[in-house]
Amino acid sequence: MDGQSNPYRHIRVRPVSQALGAEILDVDLSQDIPDAVFAEIHRAHLEFSVIVFRDQQLSPLRQKIFSARFGTLMSHAIERFRHPEHPEVMVMTNLKDAANRNIGASRAGFEWHSDQSYKPAPALGSMLYGIECPPVGANTEFANMYAAYEALPAERKAQIESLYGIHDYAWSWATFLKDRAPLTEEEKAKVPPVLHPLVRVHPETGRKALYLSEGATRSIEGMSEAEGRALVQELSDFATQPRFVYSHQWRAGDLVFWDNRCLLHRATPSDPQYRRVMQRTMVQDDSLVRRLAAQSA
């Protein structure tokens, strides 16, 4: 970009793929971030949907501090994998304790999904920090749901414009996480199914994006279970074609922040002989929370 069109004066931004994503250079997230620098980081997040910071040294507290610049932090609905001292931090690891019990989420997110879509107010964004990363595998893939929506035929756009997906966490757990202990009735009660439109308008950019996933959207409201599920799978398969996808290969010290409002993501498997330790924080969509509160008042 030339000097007049380049919106970034305080950070360097390097795109990482044709589909989406950019690396943010020369920022140390272990330190307090000046407002002018943060404003450009926020702008890059909206422009590229995924932003990557390499070679960071972050405690759970420092990750929380940076995450909270974007909005209120959310804790995962299921308590068993929360950090013992920082409940807003979810531990994701294949390590086990002395009793051979998982100390974090060990096999999670292998299906395309958007974090917390099973809540009335889903997560604005998710921030994942790599502490120990396998040398191969365990990539995180991201799919651009803006681009997928824009590439749909006009007649398909018209068909889905007013449809709502049924996002069901208990169904997702029972379907895709059979290696884990089942959810308790108390845990299921915390996450009843919710409806979200298949086409979502991003509250900050104003752009339309598909909002559904194979891993969390059970079916479509008003359709039979089978018919709705078939449409979910068709749209998810379309949206996750390679032309819409960026695959992030992790290195220790990477912090990646993505926009759940316009992306799907999934993890890829890795060899269990390699240690994997990561920390995730999630940012609440405060504007959506306020809107839902006003509607219920």
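Count residues from 1 along the sequence.
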Q: Spell out, as yes or no, whether a donor-acceptor pair under 3.5 Å connects the side chain of Asp286 to the backbone of Thr72.
A: yes
Q: Yes or no on side-chain contact (heavy atoms from CB on, under 4.5 Å) for Val191 and Gln116, after CA distance, side-chain angles and deciding distance?
A: CA-CA 10 Å; Val191 284; Gln116 307 281 294; over 6 Å; no
Q: Does Ser172 reach the main-chain N or O of Ala216 with its side chain, forming a donor-acceptor pair under 3.5 Å?
A: no
Q: Taking Tyr129 for the side chain and Leu58 for the main chain, is one N or O donor matched with an acceptor at less than 3.5 Å?
A: yes
Q: Measuring only between side-chain heavy atoms, which start at C-beta, is Val13 closer than 4.5 Å to Ile24?
A: yes
Q: With rounding to the nearest 0.5 angstrom, report the OG to NE2 distance, Ser114 to His167.
A: 8.5 Å
Q: With the threshold set at 4.0 Å, does a side-chain nitrogen-carboxylate oxygen contact exist between Asp32 and Arg62?
A: yes
Q: Taking the side chain as every heavy atom from C-beta outward, state whether Tyr211 and Pro197 have any atom pair closer than 4.5 Å.
A: no
Q: With side-chain hydrogen bond (donor to acceptor under 3.5 Å, both in side chains) as the test, pick out the partner of Tyr8 among Arg43, Glu40, Glu47.
A: Glu47
Q: If you apply the rule side-chain contact (heavy atoms from CB on, under 4.5 Å), what do you find for Ile220 with Glu227, and how did you get there?
A: CA-CA 8 Å; Ile220 305 294; Glu227 182 186 17; over 6 Å; no
Q: Any side-chain donor paired with an acceptor under 3.5 Å for Asn260 and Ser126?
A: yes
Q: Let me confirm one number: the CD1-CZ distance from Ile33 to Phe66, rounded to the nearest 0.5 Å.
A: 6.5 Å
Q: I need the Trp171 CH2 to Thr217 OG1 distance, nearest 0.5 Å.
A: 7.5 Å
Q: Quick one: does Glu161's side chain have a donor or acceptor within less than 3.5 Å of a partner on Ala158's backbone?
A: no
Q: Where the side chain of Gln56 meets the backbone of Val27, is there a donor-acceptor pair that is under 3.5 Å apart?
A: yes
Q: Is there a path from Val194 to Val199 through hydrophobic residues (I, L, V, M, F, W, Y) whose side chains come within less than 4.5 Å of each other?
A: no
Q: Within a 6.0 Å radius of atom CD on Gln233, are there more than 12 heavy atoms belonging to other residues, nucleotides or ligands?
A: yes
Q: Between Leu263 and Val232, is there shared hydrophobic-cluster membership here, with clusters defined by ILVMFWY side-chain heavy atoms closer than 4.5 Å?
A: no
Q: Quick one: do Tyr146 and His202 satisfy side-chain contact (heavy atoms from CB on, under 4.5 Å)? Show the steps, please.
A: CA-CA 9 Å; Tyr146 288 141; His202 194 290; 3.0 Å; yes
Q: Within this structure, what is the CD-CD distance for the pair Glu88 and Gln279, rounded to the nearest 0.5 Å?
A: 12.0 Å
Q: Test Leu212 against Leu231 for side-chain contact (heavy atoms from CB on, under 4.5 Å), laying out the working first.
A: CA-CA 10 Å; Leu212 80 161; Leu231 179 57; over 6 Å; no
Q: Would you please classify the geometry between the Phe70 ring and the Phe257 ring as parallel, tilted or perpendicular, with 30° and 60° separating the classes?
A: tilted
Q: Would you call Asp259 and Arg207 a salt bridge, using N to O less than 4.0 angstrom?
A: no
Q: Nearest 0.5 angstrom please: Leu195 CG to Leu163 CG, how far?
A: 11.5 Å
Q: Measure from the ring center of His113 to the ring center of Tyr169 and say whether it is less than 6.0 Å.
A: no
Q: With His248 as reference, evaluate Thr140, Asp254, Thr268 under the side-chain hydrogen bond (donor to acceptor under 3.5 Å, both in side chains) test and give the passing residue.
A: Asp254
Q: Any chance you could lay out the salt bridge (Lys or Arg N to Asp or Glu O under 4.0 Å) test for Glu187 and Lys190, step after step, and finish with the verdict?
A: CA-CA 5 Å; Glu187 288 173 329; Lys190 293 179 180 178; over 6 Å; no
Q: Any sub-3.5 Å donor-acceptor pair from Glu23's side-chain atoms to Arg14's backbone N or O?
A: no
Q: Any side-chain to backbone donor/acceptor pair from Arg229 onto Glu214? Under 3.5 Å, distance only.
A: yes
Q: Measure the CD-CG distance between Glu221 and Leu198 for me, rounded to the nearest 0.5 Å.
A: 10.0 Å
Q: Under 30°, 30 to 60°, or over 60°: which ring-plane class applies to His265 and Trp258, parallel, tilted or perpendicular?
A: tilted
Q: Treating Thr240 as the side-chain partner and Ser236 as the backbone partner, does any N or O pair qualify as donor plus acceptor under 3.5 Å?
A: yes
Q: Around atom CD of Gln273, are there more than 12 heavy atoms from other residues, nucleotides or ligands closer than 6.0 Å?
A: yes
Q: Looking at Asn144 and Ala19, would you say the former's side chain and the latter's main chain have a donor-acceptor pair under 3.5 Å?
A: yes
Q: Return yes if a side-chain donor-acceptor contact under 3.5 Å exists between His42 and Glu204, otherwise no.
A: yes
Q: Are a donor atom and an acceptor atom from the side chains of Tyr246 and Ser49 found within less than 3.5 Å of each other?
A: no
Q: Inspect the surroundings of CD in Gln18 and state if more than 12 heavy atoms from other residues, nucleotides or ligands are less than 6.0 Å away.
A: no
